[in-house]
Structures are given as structure tokens and as C-alpha cells.
Amino acid sequence: MPFDPVTRVRPPASSEELLARAAGLAGKTLRQVAGELGVPVPGHLRQAKGWIGTLMENYLGANAGSLPEPDFAEFGVELKTLPLGKNGLPKESTYVCQVPLLPDPAAAWENSLVKRKLFRVLWIPVEADPAIAVAGRRIGSAFLWSPDRRQEKILRRDWEELMEKISLGNLDQVSARIGQYLQIRPKAMDARSLTTGTDAEGHLVPSLPRGFYLRVSFTRQILAAHHGNT
DNA sequence: TACTGATCATTC
DNA sequence: GAATGATCAGTA
């Protein structure tokens, strides 16, 4: 079902306004939010996997662009929904961004898209218990997070380990098992999708597009730390 | 049941 | 095809 918002929301003027809007989501159901925007709620997410994320973007007034930038670039804030299982814990990994498959000698963690996107994340917890109809799922309390020094150190180590294999043309050695917090997995319409990578000799070769994801164990840690500080 | 690899929708 | 938004589903 195409997402066709009837109501367009003005972008927030400040990060404070963004946070205030996000706070207003707490306790609402997806039906309520969709109703306010005048959009229908899909019966299931199988063919609308990004629907909740898009709904949140529209409600909060994100620029709705598909640029490789944080959602609210002016404030450096990236928006992410956090699907919670019936146990109240995150149940899915979190997509971060595409993996650059062509070697870039200038590539460094400090100016990587992963670091820029994770600099500040506005997490929006949303019930994701399949026993609850999509429309009836409730939204939790949004919270702003930035990696602490220990977390950034590990993210950086993961990124460097993974990117080294890629820049060496060893994409075949990259599996989702590598990385403590960050992992690389396919990110494509299907397993036949192709982009361009390089082999160990530096030759261009057709490759399955990949994405960086945050492991569930890491987002569970982030949520737990937030609860600890609340 | 957790995890990895596969897949779905939209836009430009 | 590549960027965004993610969840699905088979199997270890």
C-alpha cells in the first residue's frame, strides 16, 4: 500500500521542538498517529516493512529525503524506530547505512557515514508483538542517544575491521558474524541484486549490495542504559 | 529461539 | 541502481 500522507507536518525549528513532538507520541497507538495524519494502517507489515518508520518521519516533520544524511541534518539527529517484542526488548537489528564496496584510501571512521548517522539517534520504541494488530500497537517514550566513548571505540573497531576486508577486496570474508556491535548483511531487493565491488586484485566485480546494521544485543544495551538513567 | 541471509515498498 | 524506511523467514 503506497504511503500517501494527507497531512504534511512542518519541520521542527529546533532539536528541542523535535524532542517535544516525539515525547507527544508516547502512549499513542499507531492507529491514532495514522489517523492524525490521515493515512490508512496496513493490516500487516509484510509488504510495508518501513511503514512505521515512515509514519514517524511524517509525524515529526522529517525532510523525507532519501539522501545519505541524518534525518534532521541541521540538528545532526537520526530517527530510528526500535521494535520491541512482547518481552519489552528490541527484537530486530537496526539498519544504519549502505556499505561502500569500492576501495577508498581516504576512508576513515571519523568521516564515515556510520559515525555521522550514529552521532545522535532519536530512538522511538514501538510495540512489535505480532499478537497485537498493527493499528493497536503502542509507541513508547522516545529518547535521544549518542554513543559513549566505550561504545564508540567498539563501533570504530568493528567498522575498521569490516572496511579493511572490503578495501582489500575480501568481501567474501565478510559475514554477519563479524563485529561486536556493527555487522554487515545484505541490503537489496533480493539475492540477485548487484552493485559493483572489487576483488583481491582490485578488479571491479558484480557484488550483492550490503548494509551496516546494529546488532539486537547492542540496541538492547542502549535501551537498558537509558532505563538505568531514568 | 536467536541469528543470518533474504526480501518488501518508495523515490529519484 | 542507490538511497531511504525496515521486517521476514529458514535454519543452526
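In what follows, every chain begins at residue 1, and chains take the letters A, B, ... in the order their sequences are listed.
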For residues 81-91 of chain A, run the donor-acceptor check on the side chains, cut-off 3.5 Å, and write out each pair with its distance to 0.1 Å, sequence neighbours left out.
unit_1 : atom_1 : unit_2  : atom_2 : d
N87(A) : OD1    : L89(A)  : N      : 2.9
K91(A) : NZ     : A128(A) : O      : 3.2

* Asked: To the nearest 0.5 Å, what is the distance between CG (L25(A)) and CZ (R138(A))?
  ->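 Output value for this atom pair is 14.5 Å.
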* Starting at CZ of F72(A), measure out to CG of L79(A) and round the result to the nearest 0.5 Å. =>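 Interatomic distance, F72(A) CZ to L79(A) CG, rounded to 0.5 Å: 5.5 Å.
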* Does R220(A) or V174(A) map to a spot on DNA chain B nearer the 5' end, using the closest nucleotide for each? ->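 Its nucleotide being nearer the 5' end, the pick is R220(A).
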* To do: Mark up nucleotides 4-12 of chain C, 5' to 3', with B wherever a protein heavy atom is under 4.0 angstrom from a base atom, S wherever such an atom reaches only the sugar-phosphate, and - elsewhere.
  => BBBBBS---
Show me the side-chain donor-acceptor pairs of residues 31-46 of chain A shorter than 3.5 Å, one per line, residues at least two apart or across chains.
unit_1 : atom_1 : unit_2 : atom_2 : d
Q32(A) : OE1    : T29(A) : N      : 2.9
E36(A) : OE2    : K28(A) : NZ     : 2.7
H44(A) : ND1    : R46(A) : N      : 3.2

Atom [atom1] of [X] to atom [atom2] of [N]: distance rounded to whole Å?
X       : N      : atom1 : atom2 : answer
H44(A)  : dC8(B) : NE2   : P     : 12 Å
I178(A) : dT4(B) : CD1   : C1'   : 13 Å
D129(A) : dT1(B) : CG    : C1'   : 15 Å
L89(A)  : dC3(B) : CG    : C1'   : 16 Å

* Asked: So does T195(A) get a side-chain nitrogen or oxygen closer than 4.0 Å to the phosphate oxygens (OP1/OP2) of dA2(C)?
  -> yes
* With a 3.5 Å cut-off and no angle check, do the side chains of S93(A) and R185(A) form a donor-acceptor pair? ->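 Note: S93(A) and R185(A) side chains meet the donor-acceptor criterion.
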* **Test item: N229(A) side-chain N/O and A225(A) main-chain N/O as donor-acceptor pair under 3.5 Å** =>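 A pair under 3.5 Å: yes.
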